[in-house]
Peer 1: 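This structure is in C-alpha cells; I'll ask about it shortly.
We name chains A, B, ... by the order of the sequence lines, and we start the count at 1 in each one. Keep in mind the model is a prediction, meaning the values are calculated, not measured.
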Amino acid sequence: MPELPEVETVREGLSRWVTSRRIATVEVRHPRAVRRYLPGAEHFAAVLAGRTILDARRRGKYLWLPLDSGDAIVGHLGMSGQLLVRPTEAADETHLRIRFTFDDGGTDLRFVDQRTFGGLAVSEGGATLPAEIAHIARDPMDPDFSDTDFVAATRRRRTEVKRALLDQTLISGVGNIYADEALWRARLHGARPTEALTGPAITRLLGHVRDVLGEAIKEGGTSFDALYVNVNGESGYFDRELNVYGREGLPCRRCGTPIRREAFMNRSSFSCPRCQPRPRTAARPTR
DNA sequence: CCGAGCACCTGTCAGC
DNA sequence: TGCTGACAGGTGCTCG
C-alpha cells in the first residue's frame with residue numbers, strides 16, 4: 001500500500017506532531033509488529049522509554065525517527081500499516097499494535113496494522129541512516145538520487161521495465177499504483193525489456209515517475225478506503241487523478257480505448273492497449 | 001543475476 | 001444467509 005506519496009504524507013505528519021517529544025511509555029500489543037527487532041518486544045519498550053524523537057525521515061517506503069540516543073525507530077507500513085497521532089483517551093483501534101505515550105501527555109503515537117505485514121524496530125546507531133535499510137536505493141525525490149546512475153543501472157538489467165520500477169534496490173518508493181501510472185504517461189508497456197530501452201526513453205520514464213509521485217504528494221497520497229490515511233486519519237485525494245490504476249474497462253483518458261488489466265506477480269497491471277502496446281516478444285538478448 | 005512461486009496476514013466483495 | 005474464492009497499496013525467502 002502505501003507507496004512513497006502516502007509514506008511521505010505520514011512522515012510530514014510525524015515531523016509536525018512528534019518531533020521534540022520525549023517518549024514516556026511503549027506498549028507492544030502484538031509481537032509481529034516488532035518481529036524484525038530480534039531482542040524482542042520487552043527490550044523494544046525498555047530501550048525507547050525516556051528517549052526524545054528528533055526528526056522524521058524517509059527513504060522510499062521506509063520511515064525512521066532519529067532519537068537523542070543516536071538510535072532510531074525504523075518502520076515500514078507494509079500493506080496496511082498506519083501511524084496515527086490520537087488523543088490518549090481515544091478508544092483502542094481494532095488493529096492497534098503498538099502505542100507510544102509521551103511525557104507531555106496530550107496525544108499518543110499509535111501503530112495500527114490490519115494485515116501485520118508492517119512493523120517497527122529499533123535501529124542501533126541508526127539516526128543518520130538505519131543499517132536495516134542500507135540496501136534500499138535512494139528514491140527519486142531524494143536530492144542525491146542520480147538520474148544518470150539510474151539510467152545506466154536500468155539498462156544493465158535484463159528484466160522487464162515494470163519489474164525494474166518495483167525493484168527497491170534500483171529505485172525506491174515506487175509501488176504497483178505509481179508504476180502503472182508512470183508507464184501510462186510514458187506510453188510504455190510494463191513488459192518492455194529494459195535492455196531494449198534507450199537512455200532517453202528511461203530518462204523520460206523517470207521524469208514521469210517523479211511527476212506522478214510529486215503530484216500525489218501534493219494531494220496527500222492515494223486512498224480508496226480508510227486503510228490509507230495520514231497521522232490524523234484523513235484520506236488523500238490522488239485517486240481522482242489516476243489514469244489507469246483500477247480503471248479496467250473504462251476509457252483511456254488519452255485515446256478512449258478501454259483500459260486492460262493483466263495478471264502480474266500475483267496482482268494486477270493496468271494499461272491502455274493502444275497507447276501501451278505489448279512488446280512483440282519477451283525479453284531477449286540484444287546481441 | 002534473474003524470475004517464479006510462495007509465505008506472511010486480515011478484511012471485503014462478488015458470485016453462487 | 002452463508003460459503004467460497006479472488007483480490008488488496010509490500011517485502012523477502014527459496015529454488016531453479
Peer 1: Atom CZ of A/Arg261 and atom CZ of A/Phe270: how far apart are they, to the nearest 0.5 Å?
Peer 2: 5.0 Å
Peer 1: Apply the test side chain to side chain donor-acceptor pair (under 3.5 Å) to residues A/Glu132 and A/Ser123: give CA-CA distance (whole Å), side-chain angles for both, the deciding distance (0.1 Å), then the verdict.
Peer 2: CA-CA 7 Å; A/Glu132 290 81 354; A/Ser123 175; 2.7 Å; yes
Peer 1: With a 6.0 Å cut-off (strictly less than), is the heavy-atom count around CZ of A/Arg253, excluding the residue itself, greater than 12?
Peer 2: yes
Peer 1: Counting heavy atoms from C-beta on, name the nucleotide in C/dG12, B/dT10, C/dG9 closest to the side chain of A/His95.
Peer 2: B/dT10
Peer 1: Check whether any side-chain nitrogen or oxygen of A/Lys61 sits under 4.0 Å from OP1 or OP2 of C/dG9, and answer yes or no.
Peer 2: no
Peer 1: A/Ser271 and side chain to side chain donor-acceptor pair (under 3.5 Å): which partner among A/Gln276, A/Arg278, A/Arg260?
Peer 2: A/Arg260
Peer 1: Going by side chain to side chain donor-acceptor pair (under 3.5 Å), A/Arg21 matches just one of A/Thr107, A/Thr52, A/Thr101. Which one?
Peer 2: A/Thr107
Peer 1: Decide whether a cation-pi geometry holds between A/Arg254 and A/Trp184; the criteria are a distance under 6.0 Å from NZ or CZ to the six-membered ring centre and an angle within 45° of the ring axis.
Peer 2: yes
Peer 1: Would you say the side chain of A/Phe44 lies within less than 4.5 Å of the side chain of A/Leu48, judging by non-hydrogen atoms?
Peer 2: yes
Peer 1: Working to the nearest 0.5 angstrom, can you tell me the gap between A/Arg59 CZ and A/Trp64 CH2?
Peer 2: 6.0 Å
Peer 1: What is the distance, to the nearest angstrom, from the CG atom on A/Asp113 to the P atom on C/dG9?
Peer 2: 15 Å
Peer 1: Under 3.5 Å, is there a donor-acceptor pair linking the side chains of A/Lys61 and A/Ser172?
Peer 2: no
Peer 1: Look at the side-chain N and O atoms of A/His135 and state whether any lies under 4.0 Å from the OP1 or OP2 oxygen of C/dT11.
Peer 2: no
Peer 1: Apply the side-chain contact (heavy atoms from CB on, under 4.5 Å) test between A/Leu14 and each candidate in A/Ile53, A/Ile73, A/Leu63, A/Asn230; give the one that qualifies.
Peer 2: A/Leu63
Peer 1: Can you check the A/Arg158 CZ to B/dC1 P distance for me, whole Å?
Peer 2: 11 Å
Peer 1: Stem list for DNA chain C, please, built from Watson-Crick and G-U wobble pairs under 3.5 Å and keeping only runs of at least 3.
Peer 2: B:2-8 with C:10-16, B:10-16 with C:2-8
Peer 1: Any side-chain heavy-atom pair from A/Ile177 and A/Leu242 closer than 4.5 angstrom?
Peer 2: yes
Peer 1: I'd like to check, for A/Phe117, whether its ring lies over the base of B/dC8 with centroids under 5.5 Å apart and a plane angle smaller than 30°.
Peer 2: yes
Peer 1: Rounded to the Å, how far apart are A/Arg115 CZ and B/dT10 P?
Peer 2: 10 Å
Peer 1: Measure CZ/A/Arg36 against P/B/dC9 and give the value in whole Å, please.
Peer 2: 11 Å
Peer 1: On a whole-Å scale, what distance lies between the P atoms belonging to B/dC6 and C/dA6?
Peer 2: 13 Å
Peer 1: Whole angstroms only, please: what is the CG-P distance between A/Leu4 and C/dG9?
Peer 2: 17 Å
Peer 1: If I take atom NZ in residue A/Lys162 and atom C1' in nucleotide B/dC2, what distance separates them, rounded to the nearest angstrom?
Peer 2: 18 Å
Peer 1: So if I take residues 218-225 of chain A and measure heavy-atom distances to DNA chain C, which residues fall below 4.0 Å?
Peer 2: A/Thr222, A/Ser223, A/Phe224, A/Asp225
Peer 1: Mind checking A/Arg35 for me? I need base, sugar-phosphate or nothing, with any heavy atom below 4.0 Å counting as a touch.
Peer 2: nothing
Peer 1: When you get a sec, tell me which of C/dC7, C/dT11, B/dG11 is the closest nucleotide to the side chain of A/Gln114?
Peer 2: B/dG11
Peer 1: Could you give the distance from OG1 (A/Thr25) to CZ (A/Phe102), rounded to the nearest 0.5 Å?
Peer 2: 9.5 Å
Peer 1: Looking only at atom P, what distance separates B/dC9 and C/dC3, rounded to whole Å?
Peer 2: 24 Å
Peer 1: Measure from CD on A/Gln168 to P on C/dG9 and round the result to the nearest Å.
Peer 2: 14 Å
Peer 1: For A/Leu77 and B/dC8, what is the distance between atoms CG and P respectively, to the nearest whole Å?
Peer 2: 22 Å
Peer 1: Respond yes when some side-chain nitrogen or oxygen of A/Thr116 is under 4.0 Å from OP1 or OP2 of B/dT10, and no when none is.
Peer 2: no
Peer 1: Parallel, tilted or perpendicular: which fits the ring planes of A/Tyr62 and A/His135, with parallel below 30° and perpendicular above 60°?
Peer 2: perpendicular
Peer 1: I'd like a table of atom pairs between the protein and nucleotides 4-7 of chain B - only N or O on both sides, under 3.5 Å - with the distance next to each one.
Peer 2:
from: B/dA4; atom 1: OP2; to: A/Arg163; atom 2: NH1; distance (Å): 3.2
from: B/dA4; atom 1: OP2; to: A/Arg163; atom 2: NH2; distance (Å): 2.0

Peer 1: Students often get this wrong, so: under 4.0 angstrom with heavy atoms, is A/Phe264 touching a base, only sugar-phosphate, or nothing?
Peer 2: nothing
